[in-house]
Structures are given as structure tokens and as C-alpha cells.
Amino acid sequence: MKIAIEQAKKAKELKEIPVGAVMVSAKSKQVLSTGHNTVYKDRDPTAHAEINIIRKTSKTLGTTKLDMCDMYVTLEPCAMCAAAISLARIKRVFFGAYDVKGGGVEHGVRFFSAEMCLYAPEVFGGLMEIECRSMLEAFFSELRKPFGYSDRP
């Protein structure tokens, strides 16, 4: 998760929403790919950290089935990313901060529990949650300042 947090910091430097992710071998724990949000840089609404590392890992390993991989991500995946995780057959997903508004795993559509979901990974939420959540809160607090919303909880 520490590597995912470092990736989130890189996203913040690029003025992207600070979400980072890392894909590791489930067996050896070797890092296979790292990434972060690049939505604004790439002008691509699908360029979430999770999608970016799924693409990188699939290319590196030469396969679309990543059932030998674990994903670590600093924020609960959204519904789009949860669907991509399911399609890629990722073995386990570990995430930091819960996302009450946009999450698609423990909140919102709860994709992995939906009837349409053909494969659900093991999911572990709340890893280094305070650090992951604090980074996101600070980022959005800074964004609100010019609009006079900096004192909002």
C-alpha cells in the first residue's frame, strides 16, 4: 500500500485526484506495475489508477486474465474499475479509503455482489485508511478554497 500511496502523491503533483495503485504477483509479491490517475493529463475519463495498471500488467504479462495478481489501491474502486477488476479476474483487491459517494465495491452499486458480476475477487478495505483518506481530503480542501468552501467539514 505504501507504493500505491507514493503513486497517489505523483498524481497530486500532476493536479490529478490523488489515487494510486500497484499490481503485485499474488504468489511472490513482486511488483508488476504501478500507476495513478491520469484522467486530466490523458484527457481520458477512464484513466483511473486501477484501469491504468490493469492495462500495463496485461501488456507486460501478455494476458487478459490476471488471476495471479493482487491490486492495492488508495481509494475504494468505482463501479467502472470494479467491472474492469472483475473482467481481469484479479485475485484480491486491497484498498485504503472508503468512498461513500463514488465507490462501487462497499458502497453504491456494490458491483462484486451484483447479479451481473461474473467474477468477484477477495476484497479487503481500510488498509492505511487514515493516510489515504487524509491525502484525498487535503486535495479537495485545496480545490474548494478559491470558492470559499475551505471551512466545510
Side-chain angles (χ1 to χ4, degrees), residues 1-26 28-61 64 66 68-112 121-153:
M1 187 58 81
K2 290 179 182 179
I3 296 170
I5 290 170
E6 288 304 314
Q7 287 296 310
K9 289 176 182 175
K10 288 181 181 182
K12 184 181 178 207
E13 290 171 12
L14 296 171
K15 301 200 180 344
E16 296 278 353
I17 295 173
V19 177
V22 61
M23 192 81 76
V24 302
S25 163
S28 71
K29 302 301 179 200
Q30 175 187 353
V31 173
L32 301 171
S33 66
T34 62
H36 52 76
N37 280 4
T38 57
V39 170
Y40 300 106
K41 176 183 159 283
D42 294 346
R43 292 178 173 79
D44 177 358
T46 68
H48 291 196
E50 300 95 323
I51 302 292
N52 289 340
I53 67 167
I54 288 170
R55 289 174 177 157
K56 284 182 192 176
T57 307
S58 291
K59 282 182 184 174
T60 299
L61 298 179
T64 60
L66 303 178
M68 73 304 270
C69 298
D70 291 339
M71 176 185 286
Y72 292 80
V73 60
T74 58
L75 181 65
E76 175 183 346
C78 69
M80 174 187 69
C81 291
I85 289 164
S86 176
L87 290 170
R89 304 288 196 270
I90 293 169
K91 185 173 185 154
R92 290 183 291 253
V93 176
F94 300 86
F95 68 86
Y98 291 87
D99 188 352
V100 177
K101 266 187 168 177
V105 177
E106 301 286 333
H107 297 89
V109 299
R110 292 181 168 92
F111 186 83
F112 299 137
E122 290 180 67
V123 176
F124 304 90
L127 268 67
M128 299 181 73
E129 179 183 7
I130 293 169
E131 189 169 353
C132 293
R133 184 173 18 92
S134 297
M135 191 175 355
L136 287 158
E137 287 173 350
F139 177 81
F140 286 109
S141 178
E142 281 299 310
L143 275 183
R144 286 191 295 263
K145 278 186 180 178
F147 303 105
Y149 299 126
S150 60
D151 295 327
R152 289 174 59 183

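Here the structure is a predicted model, which means the values were calculated and not measured.
Side chain of S141 to backbone of E137: no donor-acceptor contact under 3.5 angstrom is found. With hydrogens and angles disregarded, no donor-acceptor distance shorter than 3.5 Å links the side chain of T34 to the backbone of V22. Remark: the backbone N or O of K56 is paired with a side-chain donor or acceptor of T60 at under 3.5 angstrom. At distances below 3.5 Å, not a single donor-acceptor pair connects side-chain atoms of Q30 with backbone N or O atoms of V24. No donor-acceptor pair closer than 3.5 Å links the side chain of N37 to the backbone N or O of E16. Panel note: side chain D44, backbone T46; a donor-acceptor pair is recorded below 3.5 Å. A donor-acceptor pair under 3.5 Å links the side-chain atoms of K29 to the main chain of A26, judged by distance alone. The main-chain N or O of V93 is never found under 3.5 Å from a side-chain atom of E122 such that the two would form a donor-acceptor pair.
For the pair L32/L61, a side-chain contact is recorded, criterion being any heavy-atom separation below 4.5 Å from C-beta on. Side-chain contact between C69 and K91: absent, with no pair of heavy atoms (C-beta onward) separated by less than 4.5 Å. Between R92 and V123 there is no side-chain heavy-atom pair separated by less than 4.5 Å. F111 has its side chain out of reach of V105: every pair of non-hydrogen atoms, C-beta onward, lies at least 4.5 Å apart. When side chains are defined from C-beta on, L136 does not count as touching D99, because their heavy atoms never get closer than 4.5 Å. When side chains are defined from C-beta on, I85 counts as touching I54, because their heavy atoms get closer than 4.5 Å. Side-chain contact between L66 and R89 is absent, with no heavy atoms from C-beta onward closer than 4.5 Å. I51 is listed as a side-chain neighbour of C81, based on a closest heavy-atom distance under 4.5 Å.
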Given the rule in the side chain to side chain contact (heavy atoms under 4.5 Å, CB included) test, do I5 and M128 qualify, once you have shown the distances and angles that lead to the verdict?
-> CA-CA 9 Å; I5 290 170; M128 299 181 73; 3.7 Å; yes

Side chain to side chain contact (heavy atoms under 4.5 Å, CB included) between V19 and H36, intermediate numbers included = CA-CA 6 Å; V19 177; H36 52 76; over 6 Å; no

Applying side-chain hydrogen bond (donor to acceptor under 3.5 Å, both in side chains), run through S33 and T57 and close with a yes or a no.
-> CA-CA 6 Å; S33 66; T57 307; 2.6 Å; yes

Begin with the C-alpha distance, continue with both residues' side-chain angles, and end with the deciding distance and a verdict on side chain to side chain contact (heavy atoms under 4.5 Å, CB included) for D70 and F94.
-> CA-CA 8 Å; D70 291 339; F94 300 86; 4.0 Å; yes

Go through the steps for N52 and T38 under the test side-chain hydrogen bond (donor to acceptor under 3.5 Å, both in side chains), then give the verdict.
-> CA-CA 8 Å; N52 289 340; T38 57; 3.0 Å; yes

Given the rule in the side chain to side chain contact (heavy atoms under 4.5 Å, CB included) test, do I90 and M23 qualify, once you have shown the distances and angles that lead to the verdict?
-> CA-CA 9 Å; I90 293 169; M23 192 81 76; 3.7 Å; yes

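Heavy atoms only, all atoms of each residue included: A21 and I53 are closest at CB-CD1, 3.6 Å. The shortest non-hydrogen separation linking Q7 to G35 is CB-O, 3.3 Å. Residue F139 comes nearest to K12 through the heavy atom pair CD1-CG, 4.1 Å, listed as atom of the first residue, atom of the second, then distance. A pairwise comparison of heavy atoms in Y72 and M1 identifies CD2-N, 4.0 Å as the closest pair. Heavy-atom minimum distance, A97 versus C132: N-CB, 3.8 Å. Here the closest heavy-atom approach between residue E106 and residue E76 is recorded as N-OE2, 2.7 Å.
Between K10 and E13 there is no salt bridge, since no side-chain nitrogen of the basic residue lies less than 4.0 Å from a carboxylate oxygen of the acidic one.
Note that OH of Y40 and CG of L14 are 13.0 Å apart. Values are rounded to the nearest 0.5 Å.
Between H107 and Y98, the two ring planes are perpendicular [angle over 60°; tilted spans 30° to 60°].
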